Amino acid sequence: MAAALTPQQLSETHRPTLDQALETIGTRAYWSPHPEHPKAYGEGGAPGSLGAADGKAAFDAVLNTRFDLDQPGTDGWTGGEVSPYGPELGVEYPHADIDVLLPAMKAGTAAWRAAGPETRALVCLEILSRISARTHELAHAVMHTSGQAFMMAFQAGGPHAQDRGLEAVAYAYQEQTRTPRSADWSKPQGKRDPLKLTKTFTTSGRGIALVIGCNTFPTWNGYPGLFASLATGNPVLVKPHPRAVLPLALTVRIAREVLAEAGFDPNLVALAAERPGEGIAKTLAVRPEIRIIDYTGSTAFGDWLEANARQAQVYTEKAGVNTIVVDSTDDYRGLLANVAFSLSLYSGQMCTTPQNLLIPRDGITTDAGPKSYDEVVSDIAAAVNGLLGDDARAAALLGALVNPDVKARVEAAGELGEVALPSRTVANAEFPDAVVRTPVVVKLDGTKTDEDAAYLSECFGPVSFAVAVESTDAALQLLRRTIREKGAMTVGAYTTSPEVERAIEDVCLDESAQLSLNLTGGVYVNQTAAFSDFHGSGGNPAANAALCDAAFVANRFRVVEVRRQA
């Protein structure tokens with residue numbers, strides 16, 4: 001096959017971006033090559049990128065069609081996605097005979113390995129560049145499979161996801177190039193001639209990598225594992241969530257096109273869409289060909305993967321109980337606004353959304369005077385109501401509930417305790433069938449620490465608990481317990497006391513949880529920036545990996561040495 005993309009073209013186009021990414025993961029400064037603003041795409045934007053109208057037209061054109069990928073082993077078609085905003089997508093995807101597809105995926109491994117870390121990284125950057133050019137199209141795909149509002153789907157499902165993919169490529173390149181490609185070795189032997197060998201060192205992938213996609217953030221959570229595995233020399237099989245296939249199917253199509261143009265086997269990346277109720281993730285996870293698994297989702301299935309997929313290196317992001325400790329503040333209005341936004345964004349359907357608000361029963365000190373527990377809870381409720389009082393504004397922030405289970409949890413929350421903030425239905429003028437609900441906040445007694453306490457388990461969705469604790473010390477004890485037993489992706493805290501700040505930091509260091517202190521502006525506890533922030537730590541039950549660090553990529557490959565007599 002004649003390569004349309006030469007190594008020289010790839011290097012000239014993407015090596016500067018790779019170099020900048022490598023520099024930035026060292027400095028942890030802000031940087032992104034992927035624009036966040038929709039107007040940066042299309043006419044006047046990046047070359048070849050689709051603008052708003054063209055992106056929407058491209059999305060519409062794929063609806064009610066068969067999404068052919070020209071994959072080996074296609075034995076039928078499957079689909080059934082329904083947008084959380086109401087419409088059926090009507091897209092049919094190839095269903096794979098795994099016994100045919102997996103061997104085909106392995107066929108191109110030798111050439112991909114021989115290409116070396118730099119070429120693999122640059123091919124990955126070309127894939128990301130083409131994904132970026134189609135951000136408007138992918139935004140609609142993410143929106144209508146996850147329920148994210150359009151602007152969030154555009155940013156989180158587009159540039160932020162692409163940043164996380166690029167970050168994984170940078171770490172993968174850095175780890176693979178720690179060892180030189182070759183070395184001349186000479187050991188002195190006194191009066192005798194020295195012993196001489198020539199040695200070569202080749203990075204070799206573990207085998208086929210399986211990415212098990214999630215419903216809420218199909219690209220943001222899918223891209224790190226996909227690109228970390230591909231960049232380290234592994235074929236990647238993408239198994240999307242059955243309700244969120246389209247964003248990852250588009251990604252797979254782009255990846256296959258780039259691989260072919262660069263002279264590699266397109267089957268290095270493939271899609272495994274499943275029939276309704278088929279549950280192929282369990283079947284695939286224990287196949288001997290599958291040597292790496294990336295998974296985001298429920299604790300139950302994540303635990304099953306870790307226990308049963310013993311032949312694979314398993315990276316999981318599961319459920320956790322995220323907590324904010326409220327001790328004191330010198331910006332009470334900023335605290336209220338920041339917490340209200342954090343509880344509301346995407347209807348709380350983020351693995352980083354705070355759930356438990358630990359507030360001393362006797363109240364807190366603030367720049368607006370002392371505030372009782374009841375006042376703090378009432379003021380947070382008022383801040384949420386003020387933020388979401390207008391339906392159009394609320395719909396743009398909340399998006400839609402991703403599935404009926406979330407709606408059921410919102411409706412059942414009132415049975416758990418006194419409701420401080422009832423949830424209300426929000427009308428979406430553009431999509432009247434969308435299920436949109438504002439957050440519910442429930443008061444709970446923090447002295448009831450038995451296993452049945454509602455705040456000791458994740459309640460995924462727009463449900464938060466204002467937990468009355470006896471003191472800040474009691475809050476820290478409860479924080480430590482929930483991180484240790486249930487895990488946490490994020491921890492937030494508000495305090496004006498250096499001693500309390502150190503105590504909170506010590507808990508998070510001991511239990512390996514990412515901490516945000518005194519956020520009162522436009523940065524929120526449930527948001528992280530690629531190249532600078534770590535998403536998860538890999539050190540508590542919520543996740544066994546962090547996005548992104550060296551540990552996330554280093555065990556996806558091995559270095560194989562060949563020694564020759566000089």
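Nothing here was measured: the structure is a model prediction, and the numbers come from that model. Just so it is clear, the values below take in all heavy atoms, side chains as well, and ignore hydrogens, waters and symmetry mates. Counting from 1, the numbers follow the sequence of the chain as shown.
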Practice item. Answer with yes or no whether the side chains of E81 and Y93 bring together a donor and an acceptor at under 3.5 Å. Key: yes
Practice item. Give a yes or no on whether the backbone of Q311 and the side-chain of R291 come within a donor-acceptor separation of less than 3.5 Å. Key: yes
Review point. So, E36 and H160: side-chain donor and acceptor under 3.5 Å apart, yes or no?
Key: yes
Practice item. Starting from the C-alpha separation in whole Å, work towards a yes-or-no answer on salt bridge (Lys or Arg N to Asp or Glu O under 4.0 Å) for R15 and D19. Key: CA-CA 6 Å; R15 184 70 216 204; D19 288 340; 2.8 Å; yes
Point to revise | Student check: side-chain heavy atoms of L397 and L345 closer than 4.5 Å | key: yes
Review point. So, for A272 and P240, which heavy atoms are closest and what is the spacing to 0.1 Å?
Key: O-CD, 3.5 Å
**Study point:** Closest contact, heavy atoms only, P439 versus L343
**Key:** CG-O, 3.8 Å
Check your understanding: Quick check: does any side chain N or O of S83 sit under 3.5 Å from a backbone N or O of Y85, one acting as donor and the other as acceptor?
Key -> yes
Review point. N544 versus Y315: any side-chain heavy-atom pair under 4.5 Å?
Key: yes
Point to revise | Within 45° cone and under 6.0 Å: R28 NZ/CZ vs F534 ring | key: yes
Practice item. Indicate the ring-plane relationship of W220 and F217, choosing parallel, tilted or perpendicular according to the 30° and 60° boundaries. Key: perpendicular
Review point. Going by atom types only, do T135 and Q162 share a side-chain donor-acceptor pair under 3.5 Å?
Key: yes
Check your understanding: Quick one: are P266 and L69 in side-chain contact, heavy atoms under 4.5 Å?
Key -> no
Check your understanding: Can Q9 and T13 be counted as having a side-chain donor-acceptor contact under 3.5 angstrom?
Key -> no
Exercise for review: Check whether the side chains of N221 and R164 place a donor and an acceptor atom closer than 3.5 Å, and report yes or no.
Suggested key: no
Practice item. Before giving the answer on side chain to side chain contact (heavy atoms under 4.5 Å, CB included), spell out for T17 and L128 the whole-Å C-alpha distance, their side-chain angles and the decisive distance to 0.1 Å. Key: CA-CA 11 Å; T17 303; L128 283 164; over 6 Å; no
Review point. Once the angle between the rings of F341 and Y524 is folded into 0 to 90°, is it parallel (under 30°), tilted (30 to 60°) or perpendicular (over 60°)?
Key: parallel
Check your understanding: Considering only heavy atoms from C-beta outward, does the side chain of E289 approach that of I98 to under 4.5 Å?
Key -> no
Exercise for review: Answer yes or no: is there a donor N or O on one side and an acceptor on the other, between the side chain of H14 and the main chain of V123, under 3.5 Å?
Suggested key: no
Point to revise | CD/E561: more than 12 non-hydrogen atoms of other groups inside 6.0 Å | key: yes
Exercise for review: Using the six-membered ring wherever Trp is involved, compare the ring planes of F264 and W112 and label them parallel, tilted or perpendicular (cut-offs 30° and 60°).
Suggested key: perpendicular
Point to revise | Single hit among L259, V252, I254 for side-chain contact (heavy atoms from CB on, under 4.5 Å) with R256 | key: V252
Check your understanding: salt bridge (Lys or Arg N to Asp or Glu O under 4.0 Å) between K239 and E274: does it pass, once the steps are laid out?
Key -> CA-CA 8 Å; K239 204 297 293 180; E274 61 187 306; 2.6 Å; yes
Practice item. Show your reasoning for whether side chain to side chain contact (heavy atoms under 4.5 Å, CB included) applies to L166 and L125. Key: CA-CA 7 Å; L166 174 56; L125 264 62; 3.5 Å; yes
Exercise for review: State whether the side chain of S516 and the backbone N or O of V525 hold a donor-acceptor pair below 3.5 Å, judged by distance alone.
Suggested key: no
Review point. Between N322 and T353, which heavy-atom pair has the shortest distance, and what is it?
Key: ND2-O, 3.0 Å
Practice item. For the pair N356 (side chain) and V321 (backbone), establish whether a donor and an acceptor sit closer than 3.5 Å, ignoring hydrogens and angles. Key: no
**Study point:** Side-chain heavy atoms of F301 within contact of K282, under 4.5 Å
**Key:** yes
Check your understanding: Got C548 and P224 here, is their nearest side-chain heavy-atom distance under 4.5 Å?
Key -> no
Point to revise | Distance-only side-chain donor-acceptor flag, T251 / Y223, under 3.5 Å | key: yes
Mind listing the side-chain donor-acceptor pairs of residues 147-159 below 3.5 Å, one per line with the distance, residues two or more places apart or on another chain?
{"unit_1": "Q148", "atom_1": "OE1", "unit_2": "A153", "atom_2": "N", "d": "3.4"}
{"unit_1": "Q148", "atom_1": "NE2", "unit_2": "T216", "atom_2": "O", "d": "2.8"}

Check your understanding: With no hydrogens and no angle check, do the side chains of S229 and R556 hold a donor and an acceptor under 3.5 Å apart?
Key -> yes
Practice item. Tell me whether the centres of the aromatic rings in F552 and Y171 are closer together than 6.0 Å. Key: no
Practice item. Would you please test D265 and K106 for salt bridge (Lys or Arg N to Asp or Glu O under 4.0 Å) and show each step? Key: CA-CA 10 Å; D265 189 337; K106 293 179 71 174; over 6 Å; no
Point to revise | Whether E167 side chain and F531 backbone form a donor-acceptor pair below 3.5 Å | key: yes
Check your understanding: Between the side chain of T65 and the main-chain N/O of F67, is any donor-acceptor distance below 3.5 Å?
Key -> no
Exercise for review: Check R206 against N234 and note the closest heavy-atom contact, atom names and distance.
Suggested key: N-OD1, 2.7 Å
Check your understanding: Given D99 and R287, is the side chain to side chain contact (heavy atoms under 4.5 Å, CB included) satisfied, shown in steps?
Key -> CA-CA 10 Å; D99 290 327; R287 293 275 304 214; 2.8 Å; yes
**Study point:** Pair T490-T352, side-chain donor/acceptor within less than 3.5 Å
**Key:** no
Check your understanding: Has the side chain of N526 got a donor or acceptor atom that lies under 3.5 Å from a matching backbone atom of C351?
Key -> no
Revision key, fill the gap. Minimal heavy-atom distance between A29 and T24, with the atoms involved, is O-CG2, 3.3 Å
Review point. With a distance cut-off below 6.0 Å to the six-membered ring centre and an angular limit of 45° from the axis, does R409 pair with F460 as a cation-pi contact?
Key: no
Point to revise | Name of the residue among E317, Q514, Q527 meeting side-chain hydrogen bond (donor to acceptor under 3.5 Å, both in side chains) with H535 | key: E317
Check your understanding: Any donor-acceptor pair under 3.5 Å linking the side chain of S49 with the backbone of G42?
Key -> yes
**Study point:** Note, W31 side chain near E23 side chain (heavy atom, < 4.5 Å)
**Key:** no
Review point. Are side-chain heavy atoms of V491 and V507 found at a separation under 4.5 Å?
Key: no
Review point. To the nearest 0.5 Å, how far apart are CD in Q313 and CD1 in I293?
Key: 10.0 Å
Practice item. Can you see which heavy atom on T145 is nearest to which on A141, and at what distance? Key: OG1-O, 2.7 Å
Practice item. Kindly say whether L271 contributes a backbone atom to a donor-acceptor pair with the side chain of Q71 at under 3.5 angstrom? Key: yes
